[in-house]
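Note that the numbering runs from 1 along the sequence shown for the chain. Owing to the predicted nature of the structure, the values given are computational and were not obtained by experimental measurement.
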Amino acid sequence: VEYFNVPDGVYEKGKGRINREEARAVVDAALRWLRDPEFVRNNWSLGVVTFNQQQQMLIEDLLDEARRKDPELENHFGSELTEPVFVKNLENVQGDERDIILFSATYGPDAAGKISMNFGPLNKQGGERRLNVAITRARRAMQVFGTLKAEHIDLSRTNAEGVRDFKHFLEFAELGSRALAEIAVPTHGDYESIFEQEVAEELQKRGWVVHPQVG
């Protein structure tokens, strides 16, 4: 899982509900994958997941434009393929998998630089399940594109489990395994065996911070 920041992106609220710069970044990445010799040689597949239908349609339009300019791209979109390129949103991606998934976080600062804690389906009951579906579609790699960063999400402003999980997912995408280490909460239980204690001591000698009984 990799995070790619799109610093110039703006989330257009209201009827738009899109992030144009982020959509362009996602499409550029999709084209790089589809034209990559290793991708083609290994017969890998690709999908794009967005947070809402509006961002999905924008990315579809940009991909259609690229396909008109480069007919060779059609080799990845044909309906006769087992796994053609797809562009879907959080609501309708369930059941689909691809080797490479590009995820458009979509939300972020508006034109005035303000960030709303309204993340559509994530704020609703069961939003955490929708997020879980969206971020488990990749077999090999997931690339997350966002103007929004984990630090922008203020959990004191919402009780939604989906939003909480989204913040932690962005932290993981940005920081990798270090993010998992930071949220590990030890139970402060003692070692249960001499073997366990000896392993811990050997790790500590090598510079590791060890928490027994994390659970």
Side-chain angles (χ1 to χ4, degrees), residues 1-9 19-52 55-60 62-64 66-67 70 72-78 81-108 119 121-122 128-153 162 165-184:
V1 179
E2 294 180 278
Y3 177 81
F4 296 86
N5 186 229
V6 185
D8 299 329
N19 188 323
R20 297 179 190 275
E21 288 302 315
E22 193 175 292
R24 293 189 183 101
V26 169
V27 171
D28 287 346
L31 297 178
R32 285 194 297 272
W33 277 109
L34 297 177
R35 291 166 175 157
D36 182 87
E38 184 181 9
F39 181 95
V40 176
R41 184 171 59 252
N42 289 299
N43 198 31
W44 287 344
S45 57
L46 182 139
V48 178
V49 180
T50 71
F51 252 116
N52 60 37
Q55 187 78 349
Q56 172 192 344
M57 293 171 64
L58 174 58
I59 290 175
E60 286 176 337
L62 292 173
L63 277 174
D64 287 344
R67 290 163 64 184
D70 184 358
E72 290 189 10
L73 291 172
E74 292 303 314
N75 294 331
H76 302 286
F77 289 84
L81 298 175
T82 304
E83 292 189 340
V85 174
F86 73 67
V87 183
K88 297 195 174 186
N89 63 64
L90 208 67
E91 304 283 2
N92 61 13
V93 71
Q94 187 165 358
D96 291 297
E97 289 184 347
R98 294 294 186 268
D99 294 301
I100 311 297
I101 290 290
L102 309 181
F103 186 89
S104 174
T106 310
Y107 298 100
F119 300 106
L122 295 190
E128 68 279 6
R129 292 193 295 273
R130 288 187 175 91
L131 177 67
N132 185 59
V133 168
I135 64 176
T136 54
R137 301 301 92 197
R139 298 191 192 101
R140 296 180 178 275
M142 169 173 264
Q143 295 183 332
V144 181
F145 293 81
T147 302
L148 189 74
K149 303 183 77 171
E151 65 192 45
H152 294 145
I153 299 177
D165 290 353
F166 183 42
K167 178 182 176 74
H168 291 158
F169 171 69
L170 286 178
E171 287 173 341
F172 173 67
E174 293 172 37
L175 301 175
S177 58
R178 184 155 54 97
L180 298 180
E182 289 176 358
I183 64 170

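- Going from atom CD of Gln55 over to atom CD of Glu22 covers 6.0 Å, rounded to the nearest 0.5 Å.
- Lys149 places a side-chain heavy atom less than 4.5 Å from the side chain of Tyr3.
- Between Asp28 and Arg32, the closest side-chain pair of non-hydrogen atoms falls below 4.5 Å.
- Counting non-hydrogen atoms of other residues, nucleotides and ligands closer than 6.0 Å to CD of Glu72 gives a total of 12 or fewer.
- Taking all atoms of both residues into account, the shortest heavy-atom contact from Val49 to Ala134 is CG1-CB, 4.0 Å.
- The closest side-chain heavy-atom distance from Asn92 to Gln56 is below 4.5 Å.
- Under a 3.5 Å cut-off, the side chain of Glu128 and the backbone N or O of Asp165 do not form any donor-acceptor pair.
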Let me see the working for Phe166 and Phe51 under ring pair (Phe, Tyr, Trp, His ring centres under 6.0 Å), right down to the final yes or no. CA-CA 11 Å; Phe166 183 42; Phe51 252 116; 5.0 Å; yes
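- Taking both residues in full, the closest heavy atoms of Ala105 and Gly146 are given as CB-CA, 4.1 Å, listed atom of the first, atom of the second, then distance.
- Nearest heavy-atom pair across Ala150 and Glu171 is CB-CG, 3.3 Å.
- The local environment of CG in Asn43 is sparse, with at most 12 non-hydrogen atoms from other residues, nucleotides or ligands closer than 6.0 Å.
- The CD atom of Glu74 sits 4.0 Å away from the CZ atom of Arg67 when rounded to the nearest 0.5 Å.
- In this structure, the side chains of Ile135 and Val144 stay at 4.5 Å or more apart for every pair of heavy atoms.
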Show your reasoning for whether side-chain contact (heavy atoms from CB on, under 4.5 Å) applies to Leu148 and Phe119. CA-CA 11 Å; Leu148 189 74; Phe119 300 106; 3.7 Å; yes
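- Expressed to the nearest 0.5 Å, how far CG of Leu34 lies from CZ of Phe77 amounts to 5.5 Å.
- Between the Asp36 side chain and the Glu38 main chain, a donor and an acceptor come within less than 3.5 Å of each other.
- Contacts of Arg24 classified as side chain to side chain contact (heavy atoms under 4.5 Å, CB included), with partners at least two apart in sequence or in another chain: Arg20, Glu21, Leu62.
- Atom CD of Glu97 has more than 12 heavy atoms from other residues, nucleotides or ligands within 6.0 Å.
- For Asp99 and Ser45, the side-chain atoms include at least one donor-acceptor pair closer than 3.5 Å.
- The minimum heavy-atom distance between Thr147 and Val6, with the atom names listed, is OG1-O, 2.9 Å.
- Here the straight-line distance linking atom CG of Leu63 with atom CG of Leu73 works out to 8.5 Å at 0.5 Å rounding.
- Smallest separation of non-hydrogen atoms from Arg137 and Gly95: NH1-N, 3.6 Å.
- Summarising the geometry, atom OG1 belonging to Thr50 is positioned 12.0 Å from atom CG belonging to Leu102; distances are rounded to the nearest 0.5 Å.
- With rounding to the nearest 0.5 Å, the separation of NE2 in His76 from CZ in Phe39 is 6.0 Å.
- The two residues Pro121 and Glu91 make their nearest non-hydrogen contact at CG-OE2, 3.2 Å.
- A donor-acceptor pair is defined here as one N or O able to donate and one able to accept, closer than 3.5 Å; such a pair exists between the side chain of Asn19 and the backbone of Thr106.
- Phe4 is linked by a ring-ring contact (aromatic ring centres under 6.0 Å, His included) to Phe145, counting only residues two or more places apart in sequence or in another chain.
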